[in-house]
Protein chains: 2
Amino acid sequence: MSSGRSVRAVGRPPVTSRTELEHVALTLFFTTGFEATTVKDIARTAGVSRRTFFRYYASKNDVAWGEFDEHLARFQAEFDAVPPSVSMATALRECILAFNDFTDDEVPWLRQRMALLLRVPALQAHSVLRYVAWCDIVAKFVARRTGFGAGTLVPQVIARGALATAVAAYERWLEHDEAPLREVLDAALSIWLRTGSISPAQGGWSSARGG
Amino acid sequence: MSSGRSVRAVGRPPVTSRTELEHVALTLFFTTGFEATTVKDIARTAGVSRRTFFRYYASKNDVAWGEFDEHLARFQAEFDAVPPSVSMATALRECILAFNDFTDDEVPWLRQRMALLLRVPALQAHSVLRYVAWCDIVAKFVARRTGFGAGTLVPQVIARGALATAVAAYERWLEHDEAPLREVLDAALSIWLRTGSISPAQGGWSSARGG
DNA sequence: GAGGTATTTGTCACCAGGTGCCACTATTCG
DNA sequence: CGAATAGTGGCACCTGGTGACAAATACCTC
């Protein structure tokens with residue numbers, strides 16, 4: 001909550017920062033691999049003791065997520081700004097697209113980071129613990145719109161479905177770099193929102209770009 | 001693939017078994033808690049060395065899953081037995097319900113196990129690594145039905161959505177033991193299959209038992 | 001400038017999960 | 001009996017993660 005820098009300057013100044021550690025760690029992860037990189041390596045490269053590393057990040061896994069929690073605030077704000085006139089389905093689509101909207105120079109970074117999060121088993125597993133906050137935001141929005149409690153079935157099924165859809169899109173985007181993330185995500189959301197009518201005999205699916 | 005027992009009886013006979021270790025471990029987990037139970041405890045209780053435990057289960061996490069992989073074979077068979085006349089949506093619903101159909105005497109056991117898998121963070125995280133096989137089965141069925149490749153967007157979004165729905169149902173069932181699992185699951189699947197039309201203004205949602 | 005206070009850092013010890021290695025044991029087969 | 005086979009136990013070791021405590025470095029007050 002400190003806007004400036006001199007608000008609390010008493011005590012020994014920090015030697016490093018979350019950002020620096022993140023940068024060092026990701027560089028090592030990308031070059032050497034996640035498993036092959038030990039916390040000791042990260043700490044030593046950053047010129048810091050192993051113990052200090054764990055004071056900045058609760059676990060080795062968490063480094064790969066960076067400032068995800070802060071990023072979520074934008075997601076929340078996105079939903080809060082949706083006017084009531086917009087339908088729920090449209091709101092979900094727009095907010096999820098907006099949350100995953102990145103500038104061109106951010107994309108290579110994002111790509112590497114997501115490859116880490118989605119391909120390394122340990123991080124893949126850890127992800128569910130980070131995604132709960134994401135799901136909560138969606139569930140609460142759906143709860144507001146439908147009138148059901150956020151913990152009840154409708155908001156939960158929709159929120160978790162939205163997450164599953166986004167992850168599927170990312171996975172597809174990572175594996176085949178044919179279309180920009182936004183397009184893949186948009187296609188995935190379209191499929192998701194039509195989940196009920198998925199029989200190819202009923203038509204309309206060739207246009208959804210399923211491949 | 002050994003139907004009998006005497007196929008390969010040479011060598012020192014095993015002192016324990018997966019089943020026995022699972023039973024010992026779950027008992028400890030339920031009474032003492034997952035985190036508070038060490039592998040050493042499990043091994044000692046089973047009268048076996050710590051090293052031997054890891055020859056039966058790759059990790060402490062895996063014990064909680066028991067013979068899940070074997071159970072999946074039934075799931076696969078369920079899909080294989082679906083006649084082409086049955087619509088995809090119906091098939092998905094029926095197969096998922098069948099996969100999660102348990103006899104009354106199995107339910108308390110299931111309840112404890114699922115409480116473990118869905119509430120303990122370490123197991124919750126580990127679950128994604130176990131669920132991929134489940135998703136694969138669903139994705140392949142959808143792929144067969146739609147003509148899209150199993151790795152493409154349509155099968156993936158649907159398979160992951162199905163999983164998300166099932167997990168949401170389990171979570172709800174665990175938290176509020178008002179309705180039997182089958183009913184909660186069925187309600188969740190109904191919501192999922194109508195994901196596109198979720199505006200309460202369009203009606204029809206009060207009957208879906210969202211609470 | 002001296003001393004107190006606040007904050008971060010480093011070191012150390014320790015625990016738990018997990019793995020590789022090797023000797024040992026118990027069984028069947030010849 | 002001895003050889004082959006398969007499971008077990010013990011040991012050393014690595015890695016992630018935590019608690020405790022002393023040392024370091026800043027600011028603030030007198």
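Letters go in sequence order (proteins before strands), and every chain restarts at 1.
- Of the two residues near DNA chain C, B:Val39 and B:Arg12, the one whose nearest nucleotide lies more 5' is B:Val39.
- We find that CZ of B:Arg51 is positioned 18 Å from P of C:dC24, with the value rounded to whole Å.
- The interatomic distance linking A:Lys40 (NZ) with C:dG10 (P) rounds to 15 Å, in whole Å.
- A:Phe148 contributes atom CZ, which lies 9.0 Å from atom CD1 of A:Ile158 (distance to the nearest 0.5 angstrom).
- Here the straight-line distance linking atom CG of A:Leu28 with atom CD1 of A:Ile42 works out to 6.5 Å at 0.5 Å rounding.
- Distances from the side chain of B:Pro13 to the nucleotides D:dA26, C:dG10, C:dA26 place C:dA26 closest.
- Among the protein residues, A:Tyr56 comes within range of the sugar-phosphate backbone only, with heavy atoms under 4.0 Å from sugar or phosphate atoms but none that close to a base.
- With salt bridges taken as basic N to acidic carboxylate O contacts below 4.0 Å, one links B:Arg113 and B:Glu22.
- We find that CZ of A:Arg55 is positioned 14 Å from P of D:dC21, with the value rounded to whole Å.
- Taking atom NZ on A:Lys60 and atom C1' on C:dG17, their separation rounds to 14 Å, with Å as the unit.
- In this structure, B:Asn61 and A:Ser49 both approach DNA chain C, and ranking their closest nucleotides by distance from the 5' end singles out A:Ser49.
- A salt bridge is defined here as a Lys NZ or Arg NE, NH1 or NH2 lying under 4.0 Å from an Asp or Glu carboxylate O, and B:Arg160 with A:Glu171 meets this definition.
- Map B:Gly11 and B:Arg50 each onto its nearest nucleotide of DNA chain D; the residue landing nearer the 5' end is B:Gly11.
- As judged by a 4.0 angstrom heavy-atom cut-off over every strand, A:Thr38 is placed among residues touching the sugar-phosphate backbone only.
- Summarising the geometry, the separation between CZ on B:Phe54 and C1' on D:dG9 is reported as 14 Å, rounded to the nearest angstrom.
- Separating the CG atom of A:Leu28 from the C1' atom of D:dT15 is a distance of 16 Å, rounded to the nearest angstrom.
- A:Thr37 comes within contact range of the sugar-phosphate backbone alone, with a heavy-atom separation under 4.0 Å but no base atom that close.
- A:His126 places its NE2 atom 13 Å from the C1' atom of D:dG16, with the value rounded to the nearest Å.
- Ion pairing between A:Arg119 and A:Glu175 holds under the 4.0 Å rule for side-chain N and carboxylate O.
- Residue B:Ser59 has no polar side-chain atom (N or O) positioned under 4.0 Å from OP1 or OP2 of C:dG17.
- Atom C1' of nucleotide D:dT8 and atom CG of B:Leu21 are separated by 13 Å, given to the nearest angstrom.
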